[in-house]
There are 2 protein chains.
Amino acid sequence: MTEVNKRTQIKNAAAKLFRKKGYRATSMQDIADALGIKAASLYNHIKSKQEILTELLMNIALAFTAGMDDIRNSSLDENSQLEELVNLHVNLTFKYKDSIALITGEWVHLDPEILPQYLEKRNNYEEAFMAILESCQKKKLISESTNLDIALFSILSSLHWLYNWHNKNPDLGKIELAAQLKKILLHGLISPKK
Amino acid sequence: MTEVNKRTQIKNAAAKLFRKKGYRATSMQDIADALGIKAASLYNHIKSKQEILTELLMNIALAFTAGMDDIRNSSLDENSQLEELVNLHVNLTFKYKDSIALITGEWVHLDPEILPQYLEKRNNYEEAFMAILESCQKKKLISESTNLDIALFSILSSLHWLYNWHNKNPDLGKIELAAQLKKILLHGLISPKK
DNA sequence: GCTCAAAACTAATGATTATTAGTTTATTTT
DNA sequence: AAAATAAACTAATAATCATTAGTTTTGAGC
């Protein structure tokens, strides 16, 4: 019944392996074994190992920029935009469980020809994120003394790393996870002094 | 004047390369080139490529557990202990600029014989961190509704990722960086409503 | 300048690996 | 069922790489 493209199966298996062992440590053998075929047979469906990595990463990059565009084109206030960004990360983490893990380290193995395209998308995303933080600071939602570079880095670290946590605690739902993250990331761990 | 052991030079060069290209993508050639010698000559100083990775990672693990022990054996209150943990990460990030980057991803390439030892140290560290968070919650410094698993994951994500940020902004000093992180991580990004 | 050890070099080995070529088997279309 | 296409297989290639063996160079202490 499950009409899953072989090409997609290959990409899914590869994503899982790239995540666990890393791109370089994953052989075409490994991927083929996961599908019960011989390594050479993979080439009936894909062009190269590099193509798999490229498509996995570019797909993720597209999903993030599309989500960011939606948020920026919305009429939400700054505070809600920040919350929607957290939602975006949580949603994509659930949706692309395996391949999202590649954005923290495996992107370095992209072909030198592709790498700049990937990094450009990444930069655009971070700049858009920063723009929202700046709006917040202008509206005094964020204190003037806060270094926004550090704030951005800190939030993105947690959100990039989410997939790791999600794998260890698959029981906690999307909504609860997003709510907790908003509380901790945006409003702080330590209860404000009364 | 600088009497640096060749062995140390090798480990330093390797750390830089492992960080940039990953363990598997870094060849002994690469390391040798960085030192202006031939690959085979490395073996006059080290046992294997794996030995380099092991020593780099175990060194970091030791530094973290030692720092954690100091904090737990201190008589600081819970709040200050949390702040000292941030200091610990910032200090080690400055001290082990390159090799600290390996803790986010390259530890998976540790020999299967060594890996459990590494993971045990890592677990111990995280459990000690969690114990401090639990004390904070018991003392109402952290709200009862906060999920401490998520809080721990979130803080550690930012602190693990620090080396990345530090490399892009080497101009900001330790003290300023630590102060900002304490503010953002512990007391939140969004100013509390008055 | 000789001795000895440390540390460099050259050359080879064996293993792994991504990819290609050529062939056979399965499946779909006609 | 014949033909055509898709997808599997076997076998080979060429490159890379960690590591070893054996040899030469370097440099400090005598």
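Order of the sequence lines fixes the chain letters, A, B, ..., with proteins taken first and strands second; residue numbering starts at 1 for each chain. This structure is a prediction, so every number in the text was calculated from the model and none was measured.
- Annotation for B:K121: atom NZ does not count as buried by contact number, only 12 or fewer foreign heavy atoms lying within 6.0 Å.
- Under the 3.5 Å distance criterion, with hydrogens and angles disregarded, no donor-acceptor pair is assigned to the side chains of A:S157 and B:S158.
- Both the sub-6.0 Å distance and the 45° axial angle are not jointly satisfied by A:K97 relative to the ring of A:Y163.
- Between the CG atom of B:L42 and the P atom of C:dA8 there is a distance of 9 Å, given to the nearest Å.
- In this structure, the NZ atom of A:K49 is 8 Å from the P atom of C:dT19, given to the nearest Å.
- To the nearest angstrom, P of D:dA18 lies 14 Å from CD1 of B:I10.
- To the nearest angstrom, C1' of D:dG27 lies 14 Å from NZ of B:K6.
- Between A:H45 and the phosphate of D:dA8, there is a side-chain N or O to OP1/OP2 separation shorter than 4.0 Å.
- Atom P of nucleotide C:dA8 and atom OH of B:Y43 are separated by 14 Å, given to the nearest angstrom.
- Nucleotide D:dT20 holds its C1' atom 16 Å from the CD atom of B:E51, rounded to whole Å.
- When each of A:A39 and B:T26 is assigned the nucleotide of DNA chain D bearing its nearest heavy atom, the one mapping closer to the 5' terminus is A:A39.
- For C:dA8, the base has a donor-acceptor partner in the side chain of B:N44 [N/O atoms by modelled type, under 3.5 angstrom].
- In A:R7, the CZ atom is crowded: over 12 heavy atoms of neighbouring residues, nucleotides or ligands sit closer than 6.0 Å.
- Residue A:I46 contributes atom CD1, which lies 7 Å from atom P of C:dT19 at whole-angstrom precision.
- Atom-to-atom, CD1 of A:I37 to C1' of D:dA7 comes out at 9 Å; the value is rounded to the nearest Å.
- Comparing A:R24 and A:K38 by the nucleotide of DNA chain D that holds the closest heavy atom to each, the one mapping nearer the 5' end is A:K38.
- Using a 4.0 Å heavy-atom distance criterion, A:S41 is classed as a base contact.
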